[in-house]
Amino acid sequence: MPELPEVEVLARHLRPVLRGKSIRAVRVNRAKILKPTTERELKRVLTGAKFKSLVRRGKYLLFDFTASGKTVTLLGHLGMTGRMFVADKAEPLPKHSAVVFELNRGVFVFEDTRYFGRMTLDLSSVEKLGPEPLDQDFSPEGFARELKRSRQPIKVKLLDQTLVAGVGNIYASEALFRAGISPKLAANRLTFAQVKKLHGTIRDVLAEAIDCGSTVPLNFSAGKSDGLFYFGRAPGVEDYYEERLLVYDRAGKPCVRCKSSIKRIVQAARSTFYCSSCQKS
DNA sequence: CACCATGTTCCTTG
DNA sequence: CCAAGGAACATGGT
């Protein structure tokens, strides 16, 4: 599920749901998710803690709690398949519930089929992140400066979270298509005009995804439909939202702009989708 | 059985 | 120290 927009939508959903909640008990079903925090440590620090606030940074969620006068921060990351939701205590937990926080009312569940996600007290990953793409400090000039230092293909470079935080495999392809830039172009070969264009399309594509996700009725309770989907993917909402992913997972389908066939290539062991006619350089 | 999947980190190589 | 490439992590869908 998770690139920046999905995580942002999740944060907006969770904030009011967690307001006023305290942690009665912590259950850990898969300690690997806590790394490098230990199960003991997590329980010691968070049992009895009261939820204060939630901030998204890149694809990470930072939960602040107050525990015996002090603030403790819990860092969450959804990995590839993670989900977080608050449900009634009586509801059956999904199969891969890695960590379950029992609240004064209900349970806060971190579920992750592939267990690539994180729920930890170690905040070091967040310190390495680049600027927030939707904030002012993400400037075309700074972006250009960083791109100049790399010879990697631009698509691969966009996945580097120290360059800009929150862009993932789907929106990287989408932003490049909108900018008309080839995913294979070396980062340091982009013209400043291209950098400015890409800077804009990154912001646009992420902002639109957030808007779109924010208006989808959300139901994060256990079960299949948790409401967090990419553009146009939510079952039952096709009627409301036009398909917004213009290239991702559209190999062989006609380009929305020029009708030529969308290509799939592999870069850094990940799929890249693009239009070889609209994205020549 | 084969291949694919929204992400990050660790290890190696240059 | 740095950039870059590749494997590893674990499970499920097609």
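All chains are named by letter (A, B, ...) in the order of the sequence lines, taking the proteins before the strands, and each is independently numbered beginning at 1.
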Notebook entry, point to check: Once you round it to whole Å, what is the distance between P of dC2(C) and CG of Leu163(A)?
Noted result: 16 Å

Margin query: What is the distance, to the nearest angstrom, from the CG atom on Leu159(A) to the P atom on dT9(B)?
Written below: 14 Å

Next item on the list: Round to a whole Å and report the spacing from CG of Leu75(A) to C1' of dT8(B).
Entry: 12 Å

Next item on the list: Would you indicate, yes or no, if dG7(B) has its OP1 or OP2 atom less than 4.0 angstrom from a side-chain nitrogen or oxygen of Gln161(A)?
Entry: no

Checklist line | Pairing of Arg57(A) and Glu132(A) as salt bridge, 4.0 angstrom limit | finding: yes

Next item on the list: From the options dG12(C), dG7(B), dA10(C), select the nucleotide whose nearest atom is closest to the side chain of Tyr115(A).
Entry: dA10(C)

Notebook entry, point to check: What's the CG-C1' distance between Leu129(A) and dT9(B), to the nearest Å?
Noted result: 14 Å

Notebook entry, point to check: Are Glu8(A) and Arg12(A) ion-paired here, with the side-chain N under 4.0 Å from a carboxylate O?
Noted result: yes

Next item on the list: Rounded off to whole Å, could you give me the NZ-to-C1' distance for the Lys35(A) and dT9(B) pair?
Entry: 8 Å

Next item on the list: Select base, sugar-phosphate, or nothing to describe what Lys95(A) touches, counting heavy atoms under 4.0 Å on all strands.
Entry: sugar-phosphate

Checklist line | Check ion pair Glu6(A)-Arg83(A) (N to O, under 4.0 angstrom) | finding: no

Next item on the list: Record whether the side chain of Arg270(A) comes under 3.5 Å of the base of dA5(B) through a donor-acceptor pair of N or O atoms.
Entry: no

Next item on the list: Give a yes/no on whether any side-chain N or O of Lys32(A) is located under 4.0 angstrom from OP1 or OP2 of dA10(C).
Entry: no

Margin query: So is the aromatic ring of Phe116(A) stacked onto the base of dC9(C), judging by whether the centres are under 5.5 Å apart and the planes are under 30° apart?
Written below: yes

Next item on the list: Under 4.0 Å from any atom of DNA chain C, heavy atoms only: list the residues of residues 145-156 of chain A that qualify, in numerical order.
Entry: Arg149(A), Ser150(A), Arg151(A), Gln152(A)

Next item on the list: Using atom CE of Met80(A) as one end and atom P of dC4(B) as the other, report the distance to the nearest whole Å.
Entry: 13 Å

Margin query: Counting neighbours of CD on Glu141(A) that are heavy atoms of other residues, nucleotides or ligands and sit closer than 6.0 Å, is the number greater than 12?
Written below: yes

Notebook entry, point to check: If each of Arg264(A) and His77(A) is mapped to the nucleotide of DNA chain B with the nearest heavy atom, which maps nearer the 5' terminus, i.e. the 5' end?
Noted result: Arg264(A)

Notebook entry, point to check: Does the ring centre of Phe63(A) sit less than 6.0 Å away from the ring centre of Phe108(A)?
Noted result: yes

Margin query: Whole angstroms only, please: what is the CZ-C1' distance between Phe110(A) and dG7(B)?
Written below: 12 Å

Check: Would the Phe177(A) and Tyr274(A) ring centres measure less than 6.0 Å apart?
Finding: no

Next item on the list: Using the closest heavy atom to pick a nucleotide of DNA chain B for each, name whichever of Ser125(A) or Val266(A) lands nearer the 5' end.
Entry: Val266(A)

Note to self: If the threshold is 4.0 Å, N to carboxylate O, is there a salt bridge linking Lys89(A) and Glu102(A)?
What the structure shows: no

Next item on the list: Send over the distance from Tyr248(A) OH to dG7(B) C1', rounded to a whole Å.
Entry: 12 Å

Next item on the list: Go ahead and name the base partner of dA10(C); Watson-Crick or wobble counts if both distances stay under 3.5 Å, otherwise write none.
Entry: none

